[in-house]
Structure formats: C-alpha cells, structure tokens
Trainee: 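There's a structure below that I have some questions on.
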There are 2 protein chains.
Amino acid sequence: MQQPEDLKKAGLKLTLPRLKILNLFENSSERHLSAEEVYKQLLSTGEDVGLATVYRVLTQFEQAGLLVRQHFDNGKSVFELNKGEHHDHIVCLQCGHVEEFYDPEIEARQERNTSERGFAIQEHVLHIYANCVKENCPNKT
Amino acid sequence: MQQPEDLKKAGLKLTLPRLKILNLFENSSERHLSAEEVYKQLLSTGEDVGLATVYRVLTQFEQAGLLVRQHFDNGKSVFELNKGEHHDHIVCLQCGHVEEFYDPEIEARQERNTSERGFAIQEHVLHIYANCVKENCPNKT
DNA sequence: AATACAAATGAGAATGATTATCATTTGTTA
DNA sequence: TAACAAATGATAATCATTCTCATTTGTATT
Ligand SMILES: [Mn+2]
Ligand SMILES: [Mn+2]
Ligand SMILES: [Zn+2]
Ligand SMILES: [Zn+2]
C-alpha cells in the first residue's frame, strides 16, 4: 500500500509511470502479468505509459526485488509481486491459469542433487504444464 | 548408427541435410546443441546447409521423437538426442556446461502436487542454474 | 536409366519480443 | 523558481526463429 516507500527504498525516483505500474500489480486480479498486459491494462484505464517504459520499469522492479520474473513456455515473460517466499508453478495448458505450489522436499532434493555433483545452486526453474481435470476449466482467460 | 531407418520410421524423406544433422548429433562431443551451433559445425566441415533448413529439420526431428528441445535461460533453445529416459538439467553459470540428473522422488512429488490440485501433468521443466565449486571449472566452452 | 512430381531446400524477407537511441519532459534539490 | 540529472516515449535496432517462394532433389514409375 505504501508504494512510495518501496520505490525510495529501492533507490528509484518516484515517477508517475512507476507508481502506476506498481499500483497495477497491487490491485490487479491477475497475479502474473506480461509487459504487454501491463501496457494494455494501463491504456484501458486512460493511464497511458510508453511500452518501452513498461519494459524498463519491470526490469528495474525486478532488480530492486519488488517483482519476480517468470519465463513460461510461450515466448513472453511475466512478472509477479515478490512475496518473499519462493514457489514453483503449474500452468494450465488449456486456459493459461497459473497455480503456485511449494514442496520443501523437492527443494531439498534439488539442493542435494546439485551439491552432490560439485555445484553450488544459484536458482532454479520448475514449471509444470498440465491440463485441468475438471470438465469446465475454471479460469478461462 | 542406422540413421536411414530412423528417418524412414519417422516418415521423413531421406535427404542430405537430414542425414548430416542427425549424424552430427550422433558424433558430436557436445550433447546439447543450438540451431546456430549445428549450422556452424556443418559449415566448418564443408558440409553446408541453410540455416532455415537447420531450424526446420530440428523441429521435425523433435516432432518425430528423435530429438528433445530444451529452453535454458539464455534466449536460444538447444536440442539433444532423445535417449528415451527423461532427465532434468543443471547448467553451470560460469562455463555453460550442462549436467544431467534424474531424481524419482522429485518426479513423484511433481506428479503428486499437480494431481492434488486437480491437474493432469503433461510435461515439466526443471532447470537448476549453479556455479561449479571446483576452483577450475572443468568444462570451459 | 530417363521422366515426373511432390517434397525439401536455401536465400532472404518477415515476425515478435525485447532493448537501445536520443530528443524532450519531469522529479528533486538547492 | 532555477538547475540538472534522471526518466520518459517514439521509434529504430536486435536477435532468434519462422515464412515465402523460386529452384533443387529424392523417389516412384516408366
Ligand atoms: Mn508465481
Ligand atoms: Mn539433456
Ligand atoms: Zn522451487
Ligand atoms: Zn524431471
């Protein structure tokens, strides 16, 4: 809610585009948004910001730790508010809905497998692509 | 070794570019190759094939089940011979070396987490990015 | 072995997401 | 309010990949 503080803390000047974008993430019903989606969302609210700026700000927010970037298998990356705790993703192949999950045992075994082989794990990507079992996929886009 | 059979089985006409590319994968010391790498490898051997053809053939081989495509976090996809058994990857952030691993417990838990949430898992991506601990990273590119 | 024709190839244009340029605007600080 | 670095936005550039289409090649048939 106190975005200005977040921006200041990150050493970022408090500008209109930045406030609008951060605000969008904090109020949108969609948790995972692409640059294009952010751009269009703002346009549709009269709040227009250049697409180049959207890309720049998203990257800055990522570096500042405000957002986390995800690369799903569809060419464009999406961003989400960084809630501090790591999680992995299940992506519905039918409607694109993204579900989040966290399994400490999976995390522990990633760590183990990696260190066993003489590596120090830095980060990882675990994306599961799946079909919704319910007859009516609940989260059509 | 009997590439012609593989191609026929896949319903693919036996052409020079296809033979050369399949041959490259079966003889290269690198297991994971990008389209660009395949293209340059062939050029450097006098065997030249158009880049568009390389892309086309790699995709066809993937669809035929001869190759598997991987998207690491560096913008370009790489292909590897399909050895039938699934595995995940550890990518060295320093030298790009790729290590393969398979952990049945991780696989089982992916399955469980996904089905618990009402999804039928289709495929998944597990890529671990890590730094080689040994003082001299062994697989410089 | 020569012919016929669909399929495959290759050069280069097109695409789509993202980044770079650079002249203009804006936030901050004095 | 002035001063100035930082940020913005329109647009060009990039880069991996795909598309187009005229030419070539593999294969099946005389
Ligand atoms: Mn998420
Ligand atoms: Mn592999
Ligand atoms: Zn995880
Ligand atoms: Zn796996």
Side-chain angles (χ1 to χ4, degrees), chain A residues 3-24 32-64 66-79 96, chain B residues 3-24 32-64 66-79 96:
Chain A
Q3 300 112 344
E5 275 59 33
D6 291 338
L7 291 181
K8 284 221 187 73
K9 212 178 304 173
L12 293 172
K13 206 148 85 175
L14 208 162
T15 70
L16 250 23
R18 284 173 185 161
L19 266 326
K20 288 176 187 170
I21 292 173
L22 190 45
N23 202 57
L24 175 57
H32 304 85
L33 297 171
S34 68
E36 193 71 29
E37 286 167 341
V38 168
Y39 177 65
K40 286 185 180 153
Q41 281 287 319
L42 292 177
L43 276 194
S44 77
T45 329
E47 315 283 10
D48 71 301
V49 175
L51 181 55
T53 300
V54 171
Y55 273 104
R56 263 184 310 234
V57 170
L58 290 177
T59 299
Q60 292 161 342
F61 283 3
E62 184 197 9
Q63 288 165 343
L66 293 173
L67 295 180
V68 175
R69 183 197 303 253
Q70 308 290 344
H71 275 93
F72 297 140
D73 273 3
N74 50 34
K76 48 184 60 173
S77 33
V78 297
F79 297 80
Chain B
Q3 299 111 346
E5 275 61 31
D6 291 338
L7 291 181
K8 283 221 188 74
K9 212 177 307 175
L12 293 171
K13 207 147 84 173
L14 208 162
T15 70
L16 250 22
R18 284 172 185 162
L19 267 325
K20 288 176 186 171
I21 292 174
L22 191 45
N23 202 57
L24 175 57
H32 304 85
L33 297 171
S34 68
E36 192 71 30
E37 286 168 339
V38 168
Y39 176 66
K40 286 185 180 153
Q41 281 287 318
L42 292 176
L43 277 193
S44 76
T45 330
E47 314 284 10
D48 71 300
V49 174
L51 181 55
T53 301
V54 171
Y55 273 103
R56 262 185 308 235
V57 170
L58 290 177
T59 299
Q60 291 162 343
F61 283 3
E62 183 197 11
Q63 289 166 340
L66 293 173
L67 295 180
V68 175
R69 184 196 302 253
Q70 308 290 345
H71 275 94
F72 296 140
D73 272 3
N74 50 35
K76 47 183 61 174
S77 33
V78 296
F79 297 80

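In what follows, chains are A, B, ... by sequence order, proteins preceding strands, each numbered from 1.
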Trainee: Write down the distance between CZ (A:R18) and C1' (D:dA7), rounded to a whole number of angstrom.
Mentor: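 Taking atom C1' of D:dA7 as the reference, CZ of A:R18 is at 6 Å.
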Trainee: How many Å lie between NZ on A:K20 and P on C:dG27, as a whole number?
Mentor: 10 Å
Trainee: Any side-chain heavy atom of A:V38 within less than 4.5 Å of one from A:Q41?
Mentor: no
Trainee: Assess, by modelled atom type and distance only, whether the side chains of A:T59 and A:R56 contain a donor and an acceptor separated by less than 3.5 Å.
Mentor: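 No, no side-chain donor-acceptor contact under 3.5 Å.
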Trainee: What integer distance in Å separates B:F72:CZ from D:dA16:C1'?
Mentor: 17 Å
Trainee: Counting only N and O atoms by type, is there a donor-acceptor contact under 3.5 Å from the side chain of A:R18 to the main-chain atoms of A:V57?
Mentor: no
Trainee: Could you tell me the separation between the CG atom of B:L7 and the P atom of D:dT25, rounded to a whole number of Å?
Mentor: 18 Å
Trainee: Where each residue is assigned the nucleotide of DNA chain D containing its nearest heavy atom, which of A:P17 and B:P17 is assigned the position nearer the 5′ end?
Mentor: A:P17
Trainee: Nearest whole angstrom, please: distance from the C1' of C:dA8 to the CD of B:Q63.
Mentor: 15 Å
Trainee: Name the nucleic acid region contacted by A:T53, choosing base, sugar-phosphate or nothing; use a 4.0 angstrom heavy-atom cut-off, strictly under.
Mentor: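 Touches a base.
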Trainee: Tell me whether the side-chain N/O atoms of A:R56 come closer than 4.0 Å to OP1 or OP2 in C:dT19.
Mentor: no
Trainee: Which sits closer to the 5' end of DNA chain C, A:L14 or B:K13, going by the nucleotide each is nearest to?
Mentor: B:K13
Trainee: Ignoring hydrogens, what is the shortest heavy-atom contact between A:E47 and A:K20? Give both atom names and the distance.
Mentor: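 Between these two residues, the closest heavy atoms are OE1-CE, 3.2 Å.
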Trainee: Which value, rounded to the nearest 0.5 Å, describes the distance between A:L24 atom CG and A:F79 atom CZ?
Mentor: 13.0 Å
Trainee: If you restrict it to nitrogen or oxygen atoms, what contacts under 3.5 Å exist between nucleotides 1-5 of chain C and the protein, and what is each distance?
Mentor:
none

Trainee: What is the distance, rounded to the nearest whole Å, between atom CD of A:E47 and atom C1' of D:dT8?
Mentor: 16 Å
Trainee: To the nearest 0.5 Å, what is the distance between NE2 (A:H32) and CG (A:L67)?
Mentor: 11.0 Å
Trainee: Between B:T15 and B:T59, name the one whose nearest nucleotide on DNA chain D is closer to the 5' end.
Mentor: B:T59
Trainee: Reading nucleotides 12-18 of chain C from the 5' end, what letters show protein touch, with B for base, S for backbone sugar-phosphate only, - for no heavy atom under 4.0 Å?
Mentor: B----SB
Trainee: Can you measure from CG (B:L66) to CG (B:L58) and round to the nearest 0.5 angstrom?
Mentor: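 Here the interatomic distance stands at 11.0 Å.
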Trainee: Under 4.0 Å from any atom of DNA chain D, heavy atoms only: list the residues of residues 37-44 of chain B that qualify, in numerical order.
Mentor: none
Trainee: Nearest heavy-atom pair of B:A64 and B:L12: which atoms, and what distance?
Mentor: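 Shortest heavy-atom contact: CB-CD1, 4.4 Å.
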Trainee: Given atom CG of A:L12 and atom P of D:dA7, what is their separation to the nearest angstrom?
Mentor: 7 Å
Trainee: Which heavy atom of A:V49 sits nearest a heavy atom of A:P17, and at what distance?
Mentor: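 That would be CG1-CB, 3.9 Å.
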Trainee: Hey, is the main chain of B:S77 close enough, under 3.5 Å, to the side chain of B:R69 for a donor-acceptor pair?
Mentor: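 No, because the side chain of B:R69 does not come within donor-acceptor range (under 3.5 Å) of the backbone of B:S77.
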Trainee: Could you check whether any side-chain heavy atom of B:K13 comes within less than 4.5 Å of a side-chain heavy atom of B:L7, counting everything from C-beta outward?
Mentor: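 The answer is no; the side chains never approach within 4.5 Å.
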Trainee: D:dA16 P sits how many Å from B:Q70 CD, rounded?
Mentor: 19 Å
Trainee: Going by side chain to side chain contact (heavy atoms under 4.5 Å, CB included), A:L42 matches just one of A:L51, A:N23, A:T53, A:I21. Which one?
Mentor: A:I21
